Every structure is written in C-alpha cells, then in structure tokens.
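Everything numeric in this text was worked out from a predicted model, so none of it was measured. All values below come from the heavy atoms of this structure, side chains included, with hydrogens, waters and symmetry mates left out.
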Amino acid sequence: EIVRDQQREFAGAVDTARAHASTQAQLDAIEKIAETANPIFDAMRASSSGGDNFEPQMRDLQGKVADLVAADDSAVMAVAARAQARASIFVIVAIVTGIVVPWLCFIAITQMGTRVRLAMLEIRHRIENLRPEDAPMPEDLRVIDDKLTELGFHKPNPMLAE
C-alpha cells in the first residue's frame, strides 16, 4: 500500500513536470524518468523489505532526475541569454532615440536658421541700398525676390508687386 501511494505521488509529480516543461529536452528527460520508474516500483512491491536488488535502478532514476534538473538549468540559461541580448538592443535604441536623434534635429534646425539668417541679411542689405530719390535698381529687386523665394515666398512675390 505504501509503494502504491508513493507511485501515485510520483505519477502526479511527473504530470506536473510535463505541464511545466518548456523545452523538448525537458519533456524527453521526464519521459525517461517515467519509463524508468515503473519497473522500480514493481521491484519495490515484489522485494522484501531488506532487499537490495532495486538500488541500482534507484541510482539510475536519480541520475535521470539530475539530467532533468540540468535540462531545466540550460533552458533558464538560454532564456537569460535571450533577455540579455534584447536588453542590449533596447539600450542601443534608447541611446539613439534619446541622444542622437535630438542632436540631428538640432543640427538641422541650426542649418535652416543659418540659411534664413543669411537670406534675411542679404535682403536687408539690398533694401538699405535702395534710396527713395533713386529709381529702384532692377538687380537689387531681383536679388530680393530670389531670396524671398528661397525662404518660401512663391513668385510673383506679393511683397514686390508693383
């Protein structure tokens, strides 16, 4: 009766282990343990209380359980390695997103601002050269019109309409 109770508990533990297995290596190790255990339980029921004929089988079963633990450890190590690789990728993405992209935007805005500043300075220079008593010089008006076009004001420029 004691051996049957132990066999039932063992079968429950094997079923639980199958339900929680995450790799094929673990499932294979559990199957080997289950196949090895049945003859051992039969030998335990058939032997006398002091018999030593099933001890080598018990050692073999314990070795298979140790193999299952090793398979479990290797699965955990594989998961940890994948998590570490994904964390490294996340760190790189975070650095690029948090540092490189804002700097690239800053450089682009600075270059656009410099271009606008130079165009506006050229327009101001040309306007300062215009005198009310002189007739406007067509070259100055053409340069002003070109600079306004560069800044996004489409031709014909309403600022220079006659």
Side-chain angles (χ1 to χ4, degrees), residues 6-38 40 57-162:
Q6 288 179 346
Q7 190 172 9
R8 277 189 225 118
E9 281 184 43
F10 183 78
V14 167
D15 289 339
T16 302
R18 280 186 189 125
H20 289 77
S22 59
T23 65
Q24 187 60 39
Q26 291 172 335
L27 289 172
D28 292 342
I30 292 168
E31 285 305 313
K32 286 179 186 176
I33 290 170
E35 290 170 4
T36 306
N38 286 331
I40 294 173
Q57 293 174 336
M58 284 295 285
R59 276 189 241 119
D60 184 44
L61 181 61
Q62 288 172 345
K64 288 184 169 69
V65 170
D67 291 344
L68 175 61
V69 170
D72 187 43
D73 289 344
S74 67
V76 168
M77 294 299 285
V79 168
R82 283 193 305 262
Q84 187 175 9
R86 287 184 181 170
S88 298
I89 291 171
F90 178 73
V91 167
I92 291 169
V93 168
I95 287 172
V96 167
T97 303
I99 295 173
V100 174
V101 171
W103 273 103
L104 290 175
C105 291
F106 173 75
I107 290 169
I109 290 170
T110 302
Q111 288 177 345
M112 286 188 295
T114 302
R115 194 179 88 232
V116 168
R117 181 180 165 273
L118 291 175
M120 295 299 281
L121 286 174
E122 180 67 26
I123 291 171
R124 181 180 185 148
H125 174 71
R126 295 296 176 153
I127 289 176
E128 286 175 351
N129 285 342
L130 294 175
R131 292 188 180 91
E133 61 272 356
D134 297 337
M137 302 172 76
E139 177 65 25
D140 289 335
L141 290 177
R142 187 188 59 73
V143 170
I144 291 171
D145 192 42
D146 290 343
K147 294 298 176 180
L148 286 171
T149 303
E150 285 178 24
L151 293 176
F153 297 101
H154 300 290
K155 289 187 179 186
N157 206 311
M159 296 177 75
L160 299 175
E162 294 182 23

Listing, residues 76-99 side-chain donor-acceptor contacts under 3.5 Å, not counting sequence neighbours, or none:
unit_1: Ser88; atom_1: OG; unit_2: Gln84; atom_2: O; d: 3.1
unit_1: Thr97; atom_1: OG1; unit_2: Val93; atom_2: O; d: 2.8

In residues 101-123, what donor-acceptor pairs under 3.5 Å come from side-chain atoms, sequence neighbours left out?
unit_1: Thr110; atom_1: OG1; unit_2: Phe106; atom_2: O; d: 2.7
unit_1: Thr114; atom_1: OG1; unit_2: Thr110; atom_2: O; d: 2.8
unit_1: Glu122; atom_1: OE2; unit_2: Arg126; atom_2: NE; d: 2.9
unit_1: Glu122; atom_1: OE2; unit_2: Arg126; atom_2: NH2; d: 3.4

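Glu9 is linked by a side-chain hydrogen bond (donor to acceptor under 3.5 Å, both in side chains) to nothing, counting only residues two or more places apart in sequence or in another chain. With sequence neighbours left out, Arg18 forms a side chain to side chain contact (heavy atoms under 4.5 Å, CB included) with Val14, Asp15, Ile30, Glu31, Ala34. Residues passing the salt bridge (charged side-chain N to carboxylate O under 4.0 Å, His left out) test with Asp146 are Arg142, Lys155, sequence neighbours excluded.
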